Student: 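Right, I'll just put the structure down here and ask away after.
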Amino acid sequence: MTNLEVAELLRDIAAAYQLKDETRNKFRIVAYQRAADSIEHLSSEIKDIWDEGKLVEIAGVGPSLAKHLDEIFSVGSSSHFADIFQGLPMSIFELMKIPGVGVKTAYKLVKELPIGDKDPIGDLEKLAKKGEIAKLTGFGEDSQFAILRSINMVRKAVKRHLLPYAYLIAEKVSEWILQNKHVVRVEPLGSLRRRVSTIGDVDIAVATKNPGSVLDHFVSYPKKVRIIEKGVHKASILLPGGMQVDCMVQDPESFGSLLQHFTGSKHHNIALREYALKLGFSLSEYGIRAKTNDSDKGMETLKKFKTEEEFYNFLGLDWIPPELRENTGEIEAAKNHQLPDLILLSDVKSDLQLHSDFDVETSHDLGASSMEELVDMANRLGYEYIAMTEHNPSKKGHSNDEIVKILRRKQKKVKELNEMVNKEKVSVKRVFNSLEIDILQDGSLPVPESAFETLDFALVSIHSSFEMTKEAMTGRVLSALSHPKVKIFAHPTARKLNSREGVEIDWDKVFSFCVENNKWIEINGDPMRLDLPDFLVREGVKKGVKFTFGTDAHHKQGMENMQWAVSVARRGWLTKNDVVNTKSLKDFEEML
DNA sequence: GCCGTTTTCGGCCCGACTGTTTTCAGTCG
């Protein structure tokens, strides 16, 4: 079972408890939901954790849950879970996948209508179209229509959006909001502000003294498909392409609290509120109140915050950078003044994966910009050095001698380039001659030994045979990294967001190998990759791994994607010192 | 059912919006 499957199972158990005796099981239900959340966000497979006998070390999993899960993994089912599901049609849990349909609604529908276990959502859709739902007590035409619309959304399964696209949307909607004269300040928040690799919906906060006018204006956004909801504090609209935009408004006096609340993550906020409770405070988007038994008294003691810094400081915490707010130890670190000094875009002195249009006769993509254009862009970005890392020449159709010949030609071209930058007084002082080399299925590299001599260093990466066992894949990668000229493992999981899962690798082994043998791991800034993923970056840096940044630009404009690599690094708790690209040219040459 | 820098017992985040209701339940983030 995958982490997601286990999480879904635990959520279904929680739902079943809600139906059986919600009052008595109130906190047991919460416990199952928390365990589900925790397991869904694990950075390793729960099956592996079970193998090591460490289930109880997962946050939210105690002796009882560990016992039931152990039964699931060893026997394939749990008698206790079976008891809880006893007498409940499985169609209930299927219907809960429809947004807006929770456990109570699903139960009522299954009980009142002829819905089978085979295709419950299909059955429900047919009944809704016949108008059968609206006839039930507690339902009406509106809720029936909402269910039909939600079923459509499940069918379409709107994918999460890439960061730059979400940024663009946030920018355009913010511009629209700013046209309202009552707007004091507009800030895109949520997962966008935390720089998560993919964005579900865009959240925008507005400071204003006139919330009604601002929300009216917001929902009149010309490009919207429809208004999803609208109240006095917040509203949501749907845009073409399935992007949802939420807008929350707040008085400028309390804007710091709103920023904190609406940036999330949900898990960070829950943990922060629990932490505050122990200090005797209750947190919300309005501010902080002292917790008293007398609820009337409590109302009078709301403390407001104009800025986030004041909000966190009031709780005895350092201000926590948004990228760290995932409840993975940041609150503890903020209390002990041990938050990392995160790397900034301005610390970056180089781009270590670039593809020019110099024809190396590769079977992969060539770049679209000339080496000169890439150098020009690097100068504009203020870099000290860059690396030309075209793909290796194709093995098919080339003899070893021909490959060497092609790479000597490239070596000569880069040499001329270096003579040019040395003559002109520009920020780029050196262009490295490198190559991105395929790691073949057996771990070998499709470049003859004498060709390596033309290179300053090489990158290796996976472009084929993605489905291998973890052991085989790990051996394949370590074999490639062993070559003395190979310095960087580029886009290491080979994932493509929304289209391809990353490969399976024993990261512990690869990280240790890199630390011991002075090899580096790339954080690829291509918005479709963002690879190594942030949670693995965090694990790597704990082991002492050094990282490189590469935009993988195949056009000079692509070099502006460096900001996304920095985002991933910050989410992985990296400081300037953990990233090779922040080193001066002299230090980099020594490290090579 | 989980958890501990007040606790191994007694707590468990906080609030908004919708639809169907006559005061609230259900769902969501």
Side-chain angles (χ1 to χ4, degrees), chain A residues 10 13-15 17-19 22 24-38 55-69 80-81 84 95-109 133-147 149-150 189-191 200-201 203 211 215 219 227-236 244 246-250 257-258 260-289 291 295 298 302 316 327 331-332 335-336:
Chain A
L10 295 184
I13 300 279
Y17 269 127
Q18 263 175 288
L19 292 175
E22 188 168 10
R24 192 163 67 83
N25 293 308
K26 189 174 172 195
F27 294 107
R28 186 175 283 120
I29 290 162
V30 174
Y32 271 86
Q33 286 167 340
R34 302 195 105 187
D37 274 351
S38 175
L55 282 180
V56 288
E57 288 180 22
I58 300 170
V61 175
S64 263
L65 269 173
K67 183 173 150 282
H68 302 319
L69 290 175
H80 176 65
F81 288 176
I84 299 167
L95 292 189
M96 285 172 62
K97 290 178 181 162
I98 304 168
V101 175
V103 62
K104 303 285 175 65
T105 308
Y107 179 72
K108 215 192 269 179
L109 289 169
I133 294 178
K135 291 180 190 163
L136 303 174
T137 49
F139 292 86
E141 290 292 336
D142 285 353
S143 53
Q144 177 173 270
F145 182 65
I147 286 175
R149 203 162 48 192
S150 290
L189 304 174
S191 50
D201 48 30
D203 302 309
L215 288 180
V219 299
I227 299 167
I228 296 169
E229 63 178 25
K230 180 171 174 290
V232 290
H233 295 99
K234 57 183 273 197
S236 300
Q244 181 178 329
D246 301 337
C247 181
M248 264 188 136
V249 291
Q250 185 69 272
S257 315
L258 182 65
Q260 196 290 317
H261 169 81
F262 213 18
T263 296
S265 67
K266 180 184 165 189
H267 294 104
H268 172 81
N269 283 358
I270 289 174
L272 194 67
R273 287 176 200 146
E274 284 172 345
Y275 167 80
L277 260 188
K278 286 179 191 153
L279 302 176
F281 298 113
S282 173
L283 312 183
S284 75
E285 57 265 51
Y286 299 104
I288 299 178
R289 32 178 127 249
K291 210 193 172 201
S295 56
L302 178 72
N327 191 29
I331 294 173
E332 187 72 10
K335 194 172 80 177
N336 299 327

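So you know, we letter chains A, B, ... as the sequences are listed, proteins then strands, and number each from 1. Bear in mind that the values here come from a model prediction, so they are computed numbers and not experimental data.
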Student: Can you check the distance between dT23(B) and dG29(B), where both ends of the measurement are the C1' atom (answer in whole Å)?
Tutor: 25 Å
Student: Mind calculating the distance between CZ (Arg28(A)) and C1' (dC3(B)) to the nearest angstrom?
Tutor: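 Interatomic distance, CZ of Arg28(A) to C1' of dC3(B): 15 Å.
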Student: Please state whether the phosphate of dG1(B), meaning OP1 or OP2, lies under 4.0 angstrom from any side-chain nitrogen or oxygen of His68(A).
Tutor: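 So the side-chain polar atoms of His68(A) do come within 4.0 Å of the phosphate oxygens OP1 or OP2 of dG1(B), strictly under.
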Student: In Å and rounded to the nearest 0.5 Å, what is the CD to OH distance from Gln18(A) to Tyr107(A)?
Tutor: 13.5 Å
Student: Rounded to the nearest 0.5 Å, how far apart are NZ of Lys234(A) and CD of Glu285(A)?
Tutor: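 Between atom NZ of Lys234(A) and atom CD of Glu285(A) there are 8.5 Å.
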Student: Under the criteria of a ring-centre distance below 5.5 Å and an interplanar angle below 30°, is Phe27(A) stacked with the base of dC2(B)?
Tutor: no
Student: With under 30° as parallel and over 60° as perpendicular, where do the rings of Tyr32(A) and Tyr17(A) fit, or are they tilted in between?
Tutor: tilted
Student: Identify whether any heavy atom of Leu65(A) sits under 4.0 Å from a base atom; if not, whether one sits that close to sugar-phosphate; answer base, sugar-phosphate or nothing.
Tutor: sugar-phosphate
Student: Using Watson-Crick or G-U wobble geometry with both distances below 3.5 Å, tell me the partner of dT8(B), or none.
Tutor: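 The base-pairing partner of dT8(B), which may sit in any strand shown, does not exist here.
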Student: Just how far, in rounded Å, is P of dT20(B) from CD of Gln144(A)?
Tutor: 10 Å
Student: Reading DNA chain B from 5' onward, which residue's closest nucleotide shows up sooner: Tyr32(A) or Val101(A)?
Tutor: Tyr32(A)
Student: In whole angstrom, give the distance that lies between atom CG of Leu109(A) and atom C1' of dT27(B).
Tutor: 14 Å
Student: In whole angstrom, give the distance that lies between atom CZ of Phe139(A) and atom C1' of dG26(B).
Tutor: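 Checked: the CZ to C1' distance equals 10 Å.
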Student: With rounding to the closest Å, how many angstrom separate the C1' atoms on dC9(B) and dA16(B)?
Tutor: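 Per the computed distance, 34 Å lies between those C1' atoms.
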Student: Quantified in whole Å, what is the P atom distance between nucleotide dT22(B) and nucleotide dC17(B)?
Tutor: 23 Å
Student: Scan side-chain atoms only and decide if Asp142(A) and Gln144(A) contain a donor-acceptor pair under the 3.5 Å cut-off.
Tutor: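 No donor-acceptor contact under 3.5 Å links the two side chains.
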Student: Looking only at side-chain N and O atoms, does Lys266(A) come under 4.0 Å of OP1 or OP2 in dG29(B)?
Tutor: no
Student: Identify, between Asp246(A) and Glu285(A), the residue whose nearest nucleotide on DNA chain B lies closer to the 5' end.
Tutor: Glu285(A)
Student: Write down the distance separating the P atoms in dT6(B) and dG1(B), rounded off to the nearest Å.
Tutor: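 Between the two P atoms, the distance is 28 Å.
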Student: Does OP1 or OP2 of dC14(B) have a side-chain N or O of His261(A) closer than 4.0 Å?
Tutor: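 Checking dC14(B) against His261(A), no side-chain N or O comes under 4.0 Å of OP1 or OP2.
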Student: Quote, to the nearest angstrom, the C1' distance that separates dC2(B) from dT8(B).
Tutor: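 Nearest-Å result for dC2(B) against dT8(B) at atom C1': 12 Å.
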Student: Run the ring-centre check on His233(A) versus Tyr286(A) and record whether the distance is less than 6.0 Å.
Tutor: yes
Student: Using a 4.0 Å heavy-atom cut-off, does His267(A) contact any base of the nucleic acid, only the sugar-phosphate backbone, or nothing at all?
Tutor: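 The answer is nothing, as His267(A) stays clear of every strand by at least 4.0 Å.
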